[in-house]
Amino acid sequence: MAKLNQIIAVEKGVKSKSLQDITAAHHKVQKPALLAGISRTYQPKDEEGEQLPPESTRVQVQAEDVLREMSASLTRLFDVTATKDWANCTARADVTVDGRTILTDVPVSYLLFLEKQLTDLHTFVRKLPTLDAAESWSHDPSTDWWKTDAVRTIRTKKVPRNHVKAEATDKHPAQVEVYYEDVPIGYWTTVKFSGALPARRVNELVERVEKLQQAVKFAREEANGAEVTDQRVGAAVFGYLLG
């Protein structure tokens, strides 16, 4: 008996050939000249009249023949697809990660869905924001955020100062230069908060998604190894359509 993965392997080729055959059949019956034939002979009015040879054109395409050719190609497609779809109803497998069964008796169609979803989830998880590695973070239970240790910094204010470059004399005023000096006036105490994740947590999530992806692919391959029963539905369909 054939296996489901073997049917899946040939299905694409069968579909492609059927499409080519249907396209060719469509083109044939859409050309009136190929379906038309003629036969004519000439007889002059009297014996002295001009003699002309007979003319004829053979019918090159017969619509019934095209229908039979098309039905033969589509019958193969219908049978292969039916065999796959019938088998998909019964082909199942467990999804197991590190010896732990996550899902039991999962149909192939759902395994395919799961593969697609896990691919998107993997992309999402890899792009999750992580905490700034330059800071030291700890979890704050009261807010469920991450926070840094308090850092105290000085707040300063620029205060103008006078620098006498030359004392005043009876002839000239004093030469004074104004400059600004940073004078401490207070202290800032800063604590940073973040809703991002530690890098190790993101790496752990990525690893779990990747393990599950591998497990789902393995399960799909296992399910696709199930034996199939050949279905013969094409003959019934076209026996009715062309009967």
**Item:** Within residues 111-136 or reaching into it, pairs that qualify as ring-ring contact (aromatic ring centres under 6.0 Å, His included) - sequence neighbours excluded
**Value:** Tyr110-Phe113
**Request:** Among Ile, Leu, Val, Met, Phe, Trp and Tyr joined by side-chain contacts under 4.5 Å, find the other residues sharing a cluster with Tyr42 and list them by chain and number.
**Result:** Leu52
**Request:** Over all heavy atoms of both residues, which pair between Ala36 and Thr57 is shortest? Give the atoms and the distance, please.
**Result:** O-CG2, 4.2 Å
**Asked** In Å and rounded to the nearest 0.5 Å, what is the NZ to NE2 distance from Lys28 to His26?
**Response** 13.5 Å
**Prompt:** Would a 4.5 Å heavy-atom cut-off, applied to side chains only, mark Lys3 and Gln6 as touching?
**Reply:** yes
**Item:** Point-to-point distance, once rounded to the nearest 0.5 Å, from CD of Glu11 to OG of Ser16
**Value:** 12.0 Å
**Request:** Could you state whether Leu205 and Trp137 fall into the same hydrophobic cluster, counting links through intermediate Ile, Leu, Val, Met, Phe, Trp or Tyr residues with side-chain heavy atoms under 4.5 angstrom apart?
**Result:** no
**Request:** Using a 4.5 Å cut-off on heavy atoms from C-beta on, say whether the side chain of Pro54 contacts that of Arg40.
**Result:** no
**Asked** In Å, rounded to the nearest 0.5 Å, how long is the span from CZ of Arg58 to CD1 of Ile38?
**Response** 14.5 Å
**Message:** Test your reading of the model: is there a side-chain donor-acceptor pair from Thr83 to the backbone of Gln231, 3.5 Å cut-off?
**Reply:** yes
**Message:** Once rounded to the nearest 0.5 Å, what's the spacing between atom CG of Leu118 and atom NZ of Lys211?
**Reply:** 14.5 Å
**Request:** Would you sort out whether Asp85 and Thr81 count as a side chain to side chain contact (heavy atoms under 4.5 Å, CB included), showing the intermediate values?
**Result:** CA-CA 6 Å; Asp85 288 347; Thr81 303; 3.7 Å; yes
**Request:** State which residues pass salt bridge (Lys or Arg N to Asp or Glu O under 4.0 Å) with Glu115; sequence neighbours excluded, sorted by chain then number.
**Result:** Arg220
**Prompt:** Would one find more than 12 heavy atoms of other residues, nucleotides or ligands at under 6.0 Å from atom NE2 of His139?
**Reply:** yes
**Fill in**
Residues joined to Val66 in its hydrophobic cluster, side chain to side chain under 4.5 Å directly or through other members, sorted by chain and number, are Val29, Leu34, Leu35, Val61
**Message:** Please tell me whether Thr96 and Asp94 have a donor and an acceptor in their side chains that are separated by less than 3.5 angstrom.
**Reply:** no
**Message:** Between Pro44 and Glu50, is there a side-chain heavy-atom distance shorter than 4.5 Å?
**Reply:** no
**Fill in**
Correct closest heavy-atom pair for Ala196 and Pro129 would be CB-O, 3.6 Å
**Request:** Check whether any side-chain heavy atom of Leu197 lies under 4.5 Å from a side-chain heavy atom of Leu131, and answer yes or no.
**Result:** no
**Message:** Please evaluate residues Asp46 and Glu48 with respect to the criterion side chain to side chain contact (heavy atoms under 4.5 Å, CB included), reporting the C-alpha separation (whole Å), side-chain torsions for both, the decisive distance (0.1 Å), and the verdict.
**Reply:** CA-CA 5 Å; Asp46 52 55; Glu48 297 180 357; 3.6 Å; yes
**Request:** List, by chain and number, the other hydrophobic cluster members for Val237, where Ile, Leu, Val, Met, Phe, Trp and Tyr join if side-chain heavy atoms come within less than 4.5 Å, directly or indirectly.
**Result:** Leu4, Ile7, Ile8, Val10, Val14, Ile22, Leu67, Met70, Leu74, Leu77, Phe78, Val80, Trp86, Val108, Leu112, Val228, Val233, Phe238, Tyr240, Leu241, Leu242
**Request:** Taking all non-hydrogen atoms of both residues into account, name the closest pair between Val97 and Ala215 and its distance.
**Result:** CG2-CB, 3.6 Å
**Asked** How far does NZ of Lys84 sit from CG of Asn5, to the nearest 0.5 angstrom?
**Response** 13.5 Å
**Request:** Walk me through it: do Arg200 and Glu204 pass the test salt bridge (charged side-chain N to carboxylate O under 4.0 Å, His left out)?
**Result:** CA-CA 6 Å; Arg200 72 174 183 279; Glu204 178 186 87; over 6 Å; no
**Asked** Do Val159 and Val176 sit in the same hydrophobic cluster, where Ile, Leu, Val, Met, Phe, Trp and Tyr count as joined when their side-chain heavy atoms come under 4.5 Å apart?
**Response** no
**Message:** Are Val178 and Pro160 packed together at the side-chain level, in the sense that at least one heavy-atom pair is separated by less than 4.5 angstrom?
**Reply:** yes
**Asked** If we ignore angles and hydrogens, is there a donor and acceptor under 3.5 Å between the side chains of Asp140 and Thr143?
**Response** yes
**Message:** Any non-hydrogen side-chain atom of Val191 less than 4.5 Å from a side-chain atom of Val151?
**Reply:** no
**Message:** Check for me, please, whether Leu111 and Phe218 land in the same ILVMFWY cluster - side-chain distances under 4.5 Å, paths through other members count.
**Reply:** no
**Asked** Does the salt bridge (charged side-chain N to carboxylate O under 4.0 Å, His left out) test come out yes or no for Arg76 and Asp79, once each step is laid out?
**Response** CA-CA 5 Å; Arg76 172 62 175 156; Asp79 289 349; over 6 Å; no
**Request:** Measure across Val95 and Ala219 and return the closest heavy-atom pair with its distance rounded to 0.1 Å.
**Result:** CG2-CB, 4.0 Å
**Complete:** dist Phe193:CZ -> Trp145:CH2 (nearest 0.5 Å) comes out at 6.5 Å
**Fill in**
For residues 179-193, the side-chain hydrogen bond (donor to acceptor under 3.5 Å, both in side chains) pairs (sequence neighbours left out) are Glu135-Lys192, Lys158-Asp182, Arg161-Glu181
**Message:** Go through it in stages, so that I can follow the logic: the residues are Val106 and Thr104, the test is side chain to side chain contact (heavy atoms under 4.5 Å, CB included), and I'd like the CA-CA distance, side-chain angles, deciding distance and then a yes or no.
**Reply:** CA-CA 6 Å; Val106 186; Thr104 304; over 6 Å; no
**Asked** Applying the 4.5 Å side-chain criterion to the ILVMFWY set and letting contacts propagate, would Trp146 and Val202 be lumped into a single cluster?
**Response** no
**Item:** Considering all heavy atoms, the nearest Ala223-Ala91 contact
**Value:** O-CB, 3.5 Å
